[in-house]
Amino acid sequence: MLKYLDYYRAHLESLKKSPHTIKQYCIDTEQFLNYIQKNNLKLKEELDSVLIGYKQFLETEYTQISSFNRKVSSLKNFLSFLQDRSIINTVPDDALKQNKLEKRNIHPLSQTRLDQVLSVYLNKYRRISDREFGWIALRNFCVTRVIAELGLKPIEVVEMKWTHIHNNEIKVIRTKSVRTLSLSKSLIDWLELYKNETKMIFPLCDQVDYMWLGIGNKKYQPITEKTIERIFQTISKEVGFKVTATALRYSKIQNELDEKVDEQLNLLYIQLGYARKGVLVERVDRFTHES
DNA sequence: GTCTCTGAGTTCGGGCATGG
DNA sequence: CCATGCCCGAACTCAGAGAC
């Protein structure tokens with residue numbers, strides 16, 4: 001049964017699908033084939049009932065509708081691959097309908113919690129006398145400040161470069177877009193301080209444009225998203241509740257919304273790096289104001 | 001215009017490796 | 001030992017395109 005998986009992978013590769021897609025499709029397909037095997041089902045003869053059972057399995061397994069839909073989507077792709085090779089007769093596409101997305105609430109951080117989060121590395125920085133660890137605390141504080149203030153995603157943070165900053169503005173450069181955000185006076189001062197401290201630790205840092213450097217086994221290399229993730233893991237442990245970069249980003253969006261009126265949404269979605277207004281509107285819809 | 005699906009990219013958690 | 005990179009599987013998010 002699992003031999004189909006190898007054929008399928010070769011098929012996807014021949015279509016020059018991106019490695020991400022191939023990987024995800026194969027994970028999904030392997031899961032499907034394992035399900036059939038474990039339950040002693042026949043793919044060809046019992047396809048309709050297999051699909052009914054499998055959809056139920058997915059539904060109970062994945063509470064996120066978007067995840068469920070992604071699984072169904074790749075299952076559909078796999079089944080039409082089988083159909084093209086006459087391994088199955090038909091792809092019953094009504095059995096492969098995606099579920100409707102329902103709204104899930106986003107809980108932005110309260111101001112109190114936001115302050116707690118920001119103060120973790122600030123306090124460390126003030127407390128620590130060791131030169132290197134002090135610098136790390138300063139770096140991590142600046143990273144959290146940047147995310148809280150600019151609402152950046154982790155990937156956008158690790159790609160920040162000094163030359164993207166001009167006066168009080170920073171350009172956030174993505175594959176297909178650039179947006180310019182303004183920096184507060186306070187943030188500029190912190191970044192300036194961080195830059196000077198960095199020079200003390202890394203004498204040659206002038207030759208590196210990346211803003212956020214690592215101190216471990218890869219000196220003079222920019223940190224990765226993983227390090228950002230770990231910064232938030234540490235913060236979570238200290239404050240006693242779970243906080244992620246995404247939560248900070250959403251909190252920033254909500255703060256912006258509180259200040260801006262509806263018609264300015266148009267500007268806001270560009271500023272926050274959404275390609276369409278719809279995405280932001282959907283997100284806004286999910287905010288709850290209980291906190 | 002708005003909704004749906006798809007392909008691709010990002011985030012997350014956790015294990016292991018490495019250089020200081 | 002620490003910080004952090006690298007890798008993996010899995011979940012989640014996003015954007016383009018086509019359907020309605």
Side-chain angles (χ1 to χ4, degrees), chain A residues 11-13 15-32 34 58 61-81 91 93-94 96-104 106 121 124 128 130-140 143 147 152-159 174-177 201-202 210 212-237 242-250 253 269-270 272-283 285-286:
Chain A
H11 166 72
L12 293 172
E13 275 162 5
L15 290 176
K16 302 260 180 275
K17 299 290 183 191
S18 115
H20 287 114
T21 305
I22 295 177
K23 191 175 157 188
Q24 186 68 48
Y25 273 23
C26 289
I27 288 169
D28 296 341
T29 300
E30 189 170 8
Q31 191 179 22
F32 175 61
N34 282 335
L58 288 179
E61 202 74 3
Y62 301 98
T63 46
Q64 285 291 319
I65 309 280
S66 55
S67 305
F68 171 86
N69 285 350
R70 273 223 31 71
K71 297 279 175 189
V72 171
S73 169
S74 54
L75 178 58
K76 197 187 248 177
N77 195 298
F78 177 62
L79 289 181
S80 43
F81 163 81
V91 179
D93 52 288
D94 53 321
L96 292 166
K97 272 267 174 278
Q98 300 200 349
N99 281 358
K100 250 222 154 28
L101 277 168
E102 55 192 34
K103 296 200 172 82
R104 284 177 311 118
I106 295 170
Y121 276 107
K124 278 189 200 289
I128 295 172
D130 179 86
R131 198 163 131 275
E132 281 203 345
F133 286 105
W135 173 83
I136 292 177
L138 176 61
R139 182 199 66 190
N140 292 354
V143 166
I147 294 176
L152 300 186
K153 307 174 184 179
I155 185 84
E156 294 171 332
V157 174
V158 302
E159 285 170 7
R174 307 296 303 125
T175 30
K176 283 174 186 166
S177 67
I201 303 275
F202 300 96
Y210 285 107
W212 314 111
L213 303 181
I215 208 167
N217 53 354
K218 293 278 169 114
K219 278 215 164 168
Y220 292 102
Q221 293 289 112
I223 56 168
T224 62
E225 301 94 301
K226 193 67 186 173
T227 300
I228 307 261
E229 196 190 316
R230 290 196 171 117
I231 289 173
F232 281 93
Q233 278 173 2
T234 305
I235 293 176
S236 299
K237 217 182 288 173
K242 192 176 167 211
V243 55
T244 60
T246 313
L248 229 54
R249 171 173 157 82
Y250 286 162
I253 296 175
Y269 85 91
I270 296 166
L272 294 167
Y274 288 119
R276 280 187 314 211
K277 195 176 160 186
V279 179
L280 180 60
V281 170
E282 187 269 343
R283 214 56 24 103
D285 233 33
R286 284 159 54 191

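In what follows, chains carry the letters A, B, and so on, assigned in the order in which the sequence lines appear, proteins first and then strands, with residues in each chain numbered from 1. Since the model is a prediction, treat every value here as computed from it, not as a measurement.
Between the CD atom of Glu156(A) and the P atom of dG9(B) there is a distance of 15 Å, rounded to whole Å. Distance CZ (Arg70(A)) to C1' (dG9(B)): 11 Å, rounded to an integer number of Å. Separating the CD atom of Gln221(A) from the C1' atom of dG5(C) is a distance of 10 Å, rounded to the nearest angstrom. The OH-P distance, from Tyr25(A) to dA10(C), rounds to 17 Å in whole Å. Between Lys71(A) atom NZ and dC5(B) atom P there is a gap of 18 Å when expressed in whole angstrom units. Taking atom CG of Leu213(A) as the reference point, atom P of dA3(C) lies 17 Å away to the nearest angstrom. Across the protein-nucleic acid pair, Ile136(A) atom CD1 and dC2(C) atom C1' stand 8 Å apart, rounded to whole Å. Between the P atom of dC5(B) and the CG atom of Asp28(A) lies a distance of 16 Å, rounded to the nearest Å.
At a threshold of 4.5 Å between non-hydrogen side-chain atoms, the residues Lys124(A) and Ile136(A) do not count as touching.
Closest to the side chain of Ile223(A), out of dT6(B), dT11(B), dG5(C), is dG5(C). The listed nucleotides are dC12(B), dG7(B), dC14(C); the one nearest the side chain of Tyr250(A) is dC14(C). Distances were taken from every side-chain heavy atom of Thr246(A) (C-beta onward) to each of dT11(B), dG7(B), dC14(C); the shortest belongs to dT11(B). Listed nucleotides dA3(C), dC14(C), dC5(B) differ in distance to Arg249(A); the shortest reach to its side chain belongs to dC14(C). The nucleotide whose nearest atom lies closest to any side-chain atom of Ile155(A) is, among dA8(B), dT11(B), dT6(B), dT11(B).
Contact annotation for Thr244(A): backbone-only contact, meaning every heavy-atom pair under 4.0 Å involves sugar-phosphate atoms and none involves a base.
With hydrogens and angles disregarded, a donor-acceptor distance shorter than 3.5 Å links the side chain of Arg139(A) to the backbone of Leu213(A).
Remark: Asn77(A) is not in phosphate contact with dT6(B), judged by side-chain N or O atoms under 4.0 Å from OP1 or OP2. Distances shorter than 4.0 Å separate some side-chain N or O of Arg139(A) from OP1 or OP2 on dT4(C). One finds no side-chain N or O of Lys153(A) lying less than 4.0 angstrom from the OP1 or OP2 phosphate oxygen of dC12(B).
Among residues two or more places apart in sequence or in another chain, the side-chain contact (heavy atoms from CB on, under 4.5 Å) test is passed with Val243(A) by Leu109(A), Val117(A), Phe232(A), Ile235(A), Ser236(A), Phe241(A), Leu248(A). In this structure, the ring pair (Phe, Tyr, Trp, His ring centres under 6.0 Å) partners of Tyr220(A), at least two apart in sequence or on a different chain, are Phe202(A). The ring pair (Phe, Tyr, Trp, His ring centres under 6.0 Å) search around Phe81(A) returns Tyr8(A), His11(A), not counting sequence neighbours. Under the salt bridge (Lys or Arg N to Asp or Glu O under 4.0 Å) criterion, Glu229(A) pairs with Lys226(A), sequence neighbours left out.
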- Kindly determine whether Asp28(A) and Leu75(A) satisfy side-chain contact (heavy atoms from CB on, under 4.5 Å), including the steps that lead there. CA-CA 7 Å; Asp28(A) 296 341; Leu75(A) 178 58; over 6 Å; no

- Task: Before giving the answer on side-chain contact (heavy atoms from CB on, under 4.5 Å), spell out for Ile231(A) and Tyr121(A) the whole-Å C-alpha distance, their side-chain angles and the decisive distance to 0.1 Å.
- Result: CA-CA 9 Å; Ile231(A) 289 173; Tyr121(A) 276 107; 3.6 Å; yes

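The stretch residues 224-232 of chain A touches DNA chain C through Thr224(A), Lys226(A), Thr227(A), Arg230(A), each having a heavy atom within less than 4.0 Å of the strand.
Exactly one residue among Ile223(A), Thr227(A), Val158(A), Asn140(A) makes a side-chain contact (heavy atoms from CB on, under 4.5 Å) with Trp212(A). That residue is Ile223(A).
Here the straight-line distance linking atom OH of Tyr25(A) with atom CG of Asn77(A) works out to 4.5 Å at 0.5 Å rounding.
Inter-axis angle, ends of the helix from dG1(B)-dC20(C) to dG20(B)-dC1(C), five pairs per end, rounded to 10 degrees: 30°.
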